[in-house]
Each structure stands twice: as C-alpha cells, then as structure tokens.
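Down below is the structure, laid out as structure tokens.
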Amino acid sequence: MRIAGFVLVALLAVAGTVSTLAPAQWAAAAMRDATAGRVDLAEATGSLWQGEATVVLSAGTEPGAARASLPERLSWHLSPWQLLLGTLDLTVAHPSALSQPLAVRVPLGGTTVIGATTLRLPASLLVGLGAPFNTLRPGGQLSINWNRLQVEPGKLTGTINAEWQFASSALTPVAPFGHYRLTTDGAYPGTRLLLTTVSGPLELTGNGTIDAGGRLRFEGTARPAPGTDPAVKNQLAGLISLLGPRRDNESATLKFGSEK
C-alpha cells in the first residue's frame with residue numbers, strides 16, 4: 001500500500017508539472033476549434049495558464065480568406081489551483097480593447113458569471129469576418145458593454161449594449177455618416193433589440209428579437225435623416241441600396257435573420 005501511495009503521489013506530481021508547462025498553443029488550438037477558425041490566437045507565447053497572443057479574425061480557414069488582427073496583444077491568466085477545486089477562473093486583459101480585465105468564473109455544475117467590462121474595437125476589424133463586411137469595409141469605432149452576466153444552459157441574464165461611433169464605409173464618401181446604438185432588454189431567450197440613431201446624416205432604426213436557439217429576427221429602415229443636404233443624400237444612395245431592398249427612392253429595408 002505504501003508503494004502504491006508513492007506511485008500515486010509521483011503520478012500527481014508529473015501530471016501537475018506537465019499541466020503547469022502546457023504551452024499557450026493549446027489555448028490557441030482550443031480557440032480555433034471553438035470558433036471554426038474564425039478567431040485565432042496568433043503567435044501565442046507563455047503557457048496555458050498564463051500567456052499572451054495576437055487576436056486575429058478570419059473569414060475562414062481556406063487559403064486567401066480575409067484576416068484582420070487586433071492591435072496590441074491580449075493576455076490571460078487561468079488559475080490551475082481553482083481548476084483543481086472545480087472552478088474555471090479565467091482573467092483576460094487587453095490594453096486598448098478592454099476597459100478593464102474581463103473575469104470569467106465557471107463553477108462545476110454552477111452558473112457561469114462574466115464580469116462587467118467594455119470591449120472597444122476598430123470597425124475595420126470586421127473585414128476579417130468576410131461577407132458582408134469585406135464589401136462594406138466599415139470604419140469607425142465599435143464598443144460593446146455589459147454588466148455582470150449570468151449564463152446557464154439556454155439562458156442568459158444581463159444587459160448588453162453596443163455602439164458604432166464615427167461610422168464610415170468605403171461605399172460612400174460621407175464620413176462619418178452616423179453614430180448608432182443597439183440596446184437589449186437584459187434577458188435571453190426572448191431578447192428584444194432596439195436600434196437607434198444618435199446622430200448623423202444616415203438614419204438607421206429598427207427592432208428585433210433573439211429567440212431560443214439563437215434565432216434572430218430584425219427589421220428596420222435605412223434612410224437619410226430629415227433635413228439632410230440633397231448632395232449628401234446622393235452620396236449615401238449607393239450604400240443605402242446595398243443595405244437592403246428599396247422601400248422608395250430614398251429608403252431601404254433592413255432585414256436580418258430567420259423567417260421561421
């Protein structure tokens with residue numbers, strides 16, 4: 001029995017050493033698998049428990065797929081000791097993209113808690129996701145903020161809001177053409193979405209829902225804001241046409257998601 005005890009201790013020691021030295025590339029591989037290659041942790045260094053990498057968005061894994069990387073490097077810390085106690089305790093930080101480090105706590109069999117923060121990204125990064133962003137080639141600043149989120153199987157509680165400031169596109173010389181806000185009611189499923197225009201000559205409005213299973217239904221309108229100069233309206237016409245089917249000479253319908 002004493003020998004068996006020594007063997008068990010030795011095996012635990014080896015397992016602990018291997019896990020401590022687990023390379024950061026393991027985290028990168030897990031991220032690629034989880035996102036079907038659309039998000040990559042490139043040039044990962046460090047270990048699975050504490051490392052850093054460059055975040056790259058990609059339209060796919062095929063050769064020639066559009067890619068765009070986030071400026072500066074993301075870092076993470078995953079506590080191995082908390083994991084041994086049955087809780088995934090992860091902290092992610094980025095000097096410009098996150099207003100404060102993002103804390104994620106996942107207790108075994110319990111409710112996942114995601115800490116409050118604001119995610120700020122250049123809109124140009126979306127080009128790396130492919131269509132339709134590689135056509136629109138958006139510019140400006142995206143920000144997504146949330147309070148404390150609680151995630152359970154098939155359920156999310158917490159408010160998530162997004163803004164697009166200094167919005168621009170390669171499809172129109174009008175820059176910026178607006179500032180937009182998307183708000184949610186803080187629950188999933190049955191999430192209600194509201195799109196409003198804060199300012200700018202291009203007015204985007206609409207509302208929608210996200211049902212169980214992640215089915216999105218959204219409908220709205222794209223049109224020149226009241227009082228917009230006729231010359232600016234003409235410069236926005238091509239972009240409006242590509243945003244959706246025409247309603248009339250000036251406006252188009254915004255429609256996304258499933259009909260069912």
Side-chain angles (χ1 to χ4, degrees), residues 57 68 70-71 94 96-100 102 114 116-129 132-149 156-188 190-210 216-257:
L57 301 184
L70 189 63
H94 191 280
S96 60
L98 291 170
S99 62
Q100 62 187 45
L102 173 63
I114 302 174
T117 193
T118 299
L119 174 65
R120 301 187 182 96
L121 300 171
S124 58
L125 193 67
L126 297 178
V127 170
L129 295 178
F133 303 110
N134 54 357
T135 300
L136 292 173
R137 283 177 285 168
Q141 185 77 20
L142 297 176
S143 63
I144 306 169
N145 66 82
W146 56 87
N147 57 10
R148 183 175 181 268
L149 302 178
L156 182 147
T157 304
T159 302
I160 303 174
N161 298 316
E163 294 196 22
W164 184 13
Q165 296 176 277
F166 313 110
S168 66
S169 168
L171 301 180
T172 176
V174 182
F177 54 69
H179 174 184
Y180 309 99
R181 181 174 296 135
L182 181 68
T183 59
T184 72
D185 62 353
Y188 171 84
T191 309
R192 292 190 293 272
L193 308 172
L194 178 65
L195 174 64
T196 57
T197 299
V198 178
S199 62
L202 176 60
E203 184 178 276
L204 303 177
T205 57
N207 55 75
T209 60
I210 304 176
L216 167 68
R217 297 183 183 89
F218 182 89
E219 186 164 345
T221 303
R223 62 189 170 200
T228 299
D229 183 270
V232 175
K233 287 184 180 181
N234 288 335
Q235 292 176 325
L236 291 171
L239 174 60
I240 291 174
S241 294
L242 288 173
L243 291 176
R246 280 287 190 175
R247 285 189 171 184
D248 52 43
N249 290 335
E250 292 189 344
S251 66
T253 297
L254 300 174
K255 199 165 188 176
F256 308 100

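Just so you know, these numbers come straight off a predicted model, no measurement behind them.
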Short side-chain to backbone donor-acceptor contact, [X] and [Y], under 3.5 Å:
{"X": "T184", "Y": "I160", "value": "yes"}
{"X": "Q100", "Y": "A116", "value": "yes"}
{"X": "S168", "Y": "P176", "value": "no"}
{"X": "T172", "Y": "Q235", "value": "yes"}
{"X": "N147", "Y": "T159", "value": "yes"}
{"X": "T253", "Y": "G244", "value": "no"}
{"X": "H94", "Y": "P71", "value": "yes"}

Which atom of [X] lies closest to which atom of [Y], heavy atoms considered:
{"X": "R246", "Y": "A237", "result": "NH2-O, 3.3 Å"}
{"X": "L136", "Y": "S169", "result": "O-OG, 2.6 Å"}
{"X": "A222", "Y": "L204", "result": "CB-CD2, 3.5 Å"}
{"X": "T117", "Y": "S99", "result": "OG1-OG, 3.3 Å"}

*asked:* Tell me whether R223 is salt-bridged to E203, with the criterion being a basic N under 4.0 Å from an acidic carboxylate O.
replied: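 Judged by the 4.0 Å cut-off on N to carboxylate O distance, R223 and E203 do form a salt bridge.
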
Just verifying a value: how many Å separate [X] [atom1] and [Y] [atom2], rounded to the nearest 0.5 Å?
{"X": "T183", "Y": "L193", "atom1": "OG1", "atom2": "CG", "result": "8.0 Å"}
{"X": "L121", "Y": "Q141", "atom1": "CG", "atom2": "CD", "result": "7.5 Å"}
{"X": "L202", "Y": "T228", "atom1": "CG", "atom2": "OG1", "result": "8.5 Å"}
{"X": "I240", "Y": "L254", "atom1": "CD1", "atom2": "CG", "result": "9.5 Å"}
{"X": "T191", "Y": "L156", "atom1": "OG1", "atom2": "CG", "result": "7.5 Å"}
{"X": "L182", "Y": "I144", "atom1": "CG", "atom2": "CD1", "result": "9.5 Å"}

_Minimum side-chain heavy-atom gap S143-N161 below 4.5 Å_ = no

*Could you label the plane-to-plane angle of the W164 and F177 rings as parallel, tilted or perpendicular, counting under 30° as parallel and over 60° as perpendicular?*
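Aromatic pair W164/F177 classed perpendicular.
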
*Please lay out, stage by stage, how R181 and T196 fare under the test side-chain hydrogen bond (donor to acceptor under 3.5 Å, both in side chains).*
CA-CA 5 Å; R181 181 174 296 135; T196 57; 5.2 Å; no

*Would you find more than 12 non-hydrogen atoms of other residues, nucleotides or ligands less than 6.0 Å from D229 atom CG?*
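Yes, CG of D229 has more than 12 neighbouring heavy atoms, counting only those of other groups under 6.0 Å.
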
*Neighbour count >12 (heavy atoms, 6.0 Å) for atom CZ, R192*: no

*Between R120 and S96, does a side-chain contact (heavy atoms from CB on, under 4.5 Å) hold up when you go through it step by step?*
CA-CA 7 Å; R120 301 187 182 96; S96 60; over 6 Å; no

